[in-house]
Amino acid sequence: MKDITATGSFADLVYDIARQIPAGRVTSYGAIARCIGAARGSRMVGWAMNKAPQDVPAHRVLNRNGVLTGKHAFGDPERMEQLLRSEGVQVVNDQVVRFADLFWDPMTEF
DNA sequence: TGAGTGACTGTAA
DNA sequence: CTTACAGCCACTC
């Protein structure tokens, strides 16, 4: 059952963007928020991600500093890091290496 | 209805 | 450089 339809608008948009993130690439909550028009809803993006279904690569979404702030939401903190490493993303001290280089701007695709 | 919380961000000290 | 504070929107109790 999917109870994600709580808002059915904001979260859906966030999920749509998150699915556009290519493997091996990462983005920030603020970037997604701006892309959907909620520039000041960066926190809402995180909230939506917490509710994000498994078909959404939430592990590719980090804060603006490239830190795995939401790793605890994956059930196991090591899960998110492992997923990123599996995609070729280096993670050190809960932080993505060369975050600026791996950063993927949703606006670039839209 | 009101207060508290959160996977954030930007500016200030 | 790091640490603190405030603003922001949506949700839950």
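Per chain, numbering begins at 1; letters A, B, ... match sequence-line order.
- Put simply, the side chain of Arg85(A) does not reach to within 4.5 Å of the side chain of Val89(A), judged on heavy atoms.
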- Item | From CA spacing to verdict: salt bridge (charged side-chain N to carboxylate O under 4.0 Å, His left out), Glu87(A), Arg60(A) | CA-CA 10 Å; Glu87(A) 296 180 353; Arg60(A) 296 174 188 158; 2.7 Å; yes
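- Counting only heavy atoms from C-beta outward, the side chains of Leu62(A) and Met80(A) approach each other to under 4.5 Å.
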Report all interatomic pairs (protein N or O, nucleotide N or O of nucleotides 2-4 of chain C) with separations under 3.5 Å.
none

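- When heavy atoms are screened at a 4.0 angstrom cut-off, Thr69(A) is found touching the sugar-phosphate backbone but no base atom.
- Val61(A) and Leu13(A) fall within the same hydrophobic cluster, defined by Ile, Leu, Val, Met, Phe, Trp and Tyr side-chain heavy atoms under 4.5 Å apart, directly or through other members.
- When hydrophobic residues (I, L, V, M, F, W, Y) are linked wherever their side-chain heavy atoms come within less than 4.5 Å, the members clustered with Val97(A) are Val92(A).
- Under the ring pair (Phe, Tyr, Trp, His ring centres under 6.0 Å) criterion, the residue pairs touching residues 50-102 of chain A are Phe99(A)-Phe103(A), with sequence neighbours excluded.
- Residues from residues 72-93 of chain A with heavy atoms under 4.0 angstrom of DNA chain B, sorted by number: Ala73(A), Phe74(A).
- For Glu78(A) and Lys71(A), the salt-bridge test fails: no basic side-chain N is under 4.0 Å from an acidic carboxylate O.
- Between Leu68(A) and Val96(A), the closest side-chain pair of non-hydrogen atoms falls below 4.5 Å.
- A pairwise comparison of heavy atoms in Pro57(A) and Arg19(A) identifies CD-CA, 4.1 Å as the closest pair.
- A heavy-atom distance below 4.5 Å is not found between the side chains of Val91(A) and Gln95(A).
- A continuous path of hydrophobic side-chain contacts links Met49(A) to Ile36(A) [ILVMFWY only; heavy atoms under 4.5 Å].
- Residues of residues 29-40 of chain A having a heavy atom closer than 4.0 Å to DNA chain B, listed by number: Tyr29(A), Gly30(A).
- In this structure the side chain of Tyr29(A) reaches within 4.5 angstrom of the side chain of Thr69(A), judged on heavy atoms.
- Residue Asn50(A) is in base contact, counting any heavy-atom pair closer than 4.0 Å across all strands shown.
- In this structure, Arg64(A) reaches the sugar-phosphate backbone alone: every heavy-atom distance under 4.0 Å involves primed, P, OP1 or OP2 atoms, never a base.
- Nearest heavy-atom pair across Phe10(A) and Val45(A) is CE2-N, 3.7 Å.
- The footprint of chain A on DNA chain B, defined by a heavy-atom cutoff below 4.0 Å, extends from dG6(B) to dG10(B).
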